[in-house]
S.K.: 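Quick one: the structure is below, questions incoming.
Any value given below was found using the heavy atoms of this structure, including those in side chains, with hydrogens, waters and symmetry copies removed. None of the values given here were measured: they were computed from a predicted structure. Both ligands and their constituent atoms are indexed starting at 1 by order of listing.
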Amino acid sequence: MNFSTKAIHSGQDPDSATGAIITPIYQTSTYFQNGVNIHKGYEYSRTGNPTRTVLENSLAAIENGKYGLSFASGMAAEHTLLSILKPGDHIVAAEDMYGGTFRLFEEVFKPLGLRFSYVVGDLESFESAITPNTKMFWIETPTNPLLRVYNISKLATLAKRHNILITVDNTFATPFFQQPLNLGADIVVHSTTKYIAGHSDVVGGAIIVNDDETYLRLKFLQNAIGSIPGPFDSWLTLRGIKTLALRMLQHQHNALAIAKFLTTHSAVEHVYYPGLESSPYYSLAREQMKGGGGMVSFTLKQADVNIVNNFFKGLKVIALAESLGGVESLVSYPSLMTHGSIPPEKRLKIGITENLIRLSPGIEDADDLIADLDQGLASSQNKDKISNCK
Ligand SMILES: *Cc1c(COP(=O)(O)O)cnc(C)c1O
């Protein structure tokens with residue numbers, strides 16, 4: 001089956017108990033046992049819940065993986081995943097990553113004895129960072145917020161040669177545009193909060209793998225640690241998956257239109273979008289993705305907090321907020337918002353400067369979004385004008 005069909009049907013047979021077409025919300029913590037340990041496969045909802053099972057099967061199907069596991073948040077998924085490692089184990093990670101992932105590495109797992117090296121995302125830098133203790137490569141692609149694209153299959157081949165697992169955070173691309181397991185990755189993680197659930201109404205995370213042993217260890221840890229999503233959150237995420245294909249097409253349509261518009265605007269210095277032919281990542285993105293994705297970042301020629309705030313206040317449709325991937329357009333200021341947990345020197349080294357703006361176009365009309373950006377940029381330039389607050 002192809003993606004859109006899988007997203008609606010795979011793992012989502014009519015409910016076996018009632019025939020309900022839509023998976024019911026099994027809002028229960030426990031299950032009747034007809035004699036000790038005699039039950040229908042469920043005994044306690046931390047271990048398993050039927051609504052969650054359907055979500056996990058659906059996640060596995062859309063990533064073209066064997067096993068899916070869902071979590072209370074993207075960070076909960078990452079926490080559980082890192083728990084397969086032991087003190088002394090070493091991870092090589094591409095340096096431009098989600099701020100919360102960096103914080104989890106440095107402030108939670110480093111004190112527990114894991115070791116981390118951060119490299120720019122090319123093959124040589126990954127290879128030269130490998131030590132005898134290296135157990136995992138960790139990349140996001142496209143990256144947040146600079147939308148750099150890393151070569152998954154080349155890094156996976158290198159990892160395999162050294163018996164290292166490679167994890168890809170596929171939150172930005174989504175399985176609609178990119179399926180890392182098909183490209184040789186071992187583990188895919190997601191913040192399903194973003195495009196997968198897609199409506200800015202639920203926080204969640206996921207891990208998808210093919211290897212039986214890795215799955216069993218993760219399944220054990222999911223239950224042992226317990227950072228699982230509840231039945232209603234699982235249901236919301238499942239509902240989001242059904243429209244993922246349609247939404248991603250419109251997100252991409254809007255992102256490309258906006259990227260092209262911004263490139264021509266006199267107040268804009270640089271536009272980051274891997275779907276632009278002028279992007280250094282264009283050909284690699286075409287190779288490993290089915291499109292440029294939904295996110296656009298750009299820098300203003302001039303920026304201080306006032307200019308940036310005037311821009312944000314000038315916007316009437318696009319809202320200033322953390323997060324991304326919802327049906328409504330959101331804009332954020334990485335240096336002080338999503339990446340505020342990264343030390344300033346490191347932030348600047350990666351390229352997260354004061355004039356950088358990250359945009360998550362929703363699925364509204366592209367012309368309306370462009371008009372909104374145009375007026376926002378005009379008010380950012382107008383130093384005397386006091387913008388009305390939203
Ligand atoms: C948001 C995000 C996360 C963290 O997920 P939460 O659901 O917020 O816990 C991890 N990685 C990326 C790329 C993200 O955008």
S.K.: Ligand 1 and Val203, any nitrogen or oxygen pair closer than 3.5 angstrom?
M.R.: no

S.K.: Please work out which of the three classes, parallel, tilted or perpendicular, describes the rings of His79 and Phe109, given edges at 30° and 60°.
M.R.: tilted

S.K.: Starting from atom 14 (C) of ligand 1, what is the nearest protein heavy atom, named by residue and atom, and what distance separates them?
M.R.: Lys194 NZ, 2.9 Å

S.K.: Are Thr53 and Tyr42 close enough that a side-chain donor and a side-chain acceptor fall under 3.5 Å?
M.R.: yes

S.K.: Just checking, any donor-acceptor pair under 3.5 angstrom between side chains of Asn254 and Glu364?
M.R.: no

S.K.: For atom 6 (P) of ligand 1, what's the nearest protein heavy atom and its distance?
M.R.: Gly74 N, 3.4 Å

S.K.: Which atoms of ligand 1 have any heavy atom of Glu78 under 4.0 Å away?
M.R.: 10 (C), 11 (N)

S.K.: Using only heavy-atom distances, determine whether the side chains of Thr18 and Asp15 contain a donor-acceptor pair under 3.5 Å.
M.R.: yes

S.K.: Do we see a donor-acceptor contact under 3.5 Å between the side chains of His190 and Glu63?
M.R.: yes

S.K.: Consider ligand 1: state whether an atom of it lies below 4.0 angstrom from any non-hydrogen atom of Gly204.
M.R.: yes

S.K.: Between Thr101 and ligand 1, is there a nitrogen or oxygen pair with a distance under 3.5 Å?
M.R.: no

S.K.: Among Asp169, Val189, Asn170, which residue places a heavy atom closest to atom 11 (N) of ligand 1?
M.R.: Asp169

S.K.: Going by heavy atoms, is His190 under 4.0 Å from ligand 1?
M.R.: no

S.K.: Are Glu322 and Arg358 close enough for a salt bridge, meaning some N to O gap below 4.0 Å?
M.R.: no

S.K.: Is it the case that Tyr333 and Asn355 place a side-chain donor and acceptor less than 3.5 Å from each other?
M.R.: no

S.K.: Is the closest N or O pair between Leu324 and ligand 1 shorter than 3.5 Å?
M.R.: no

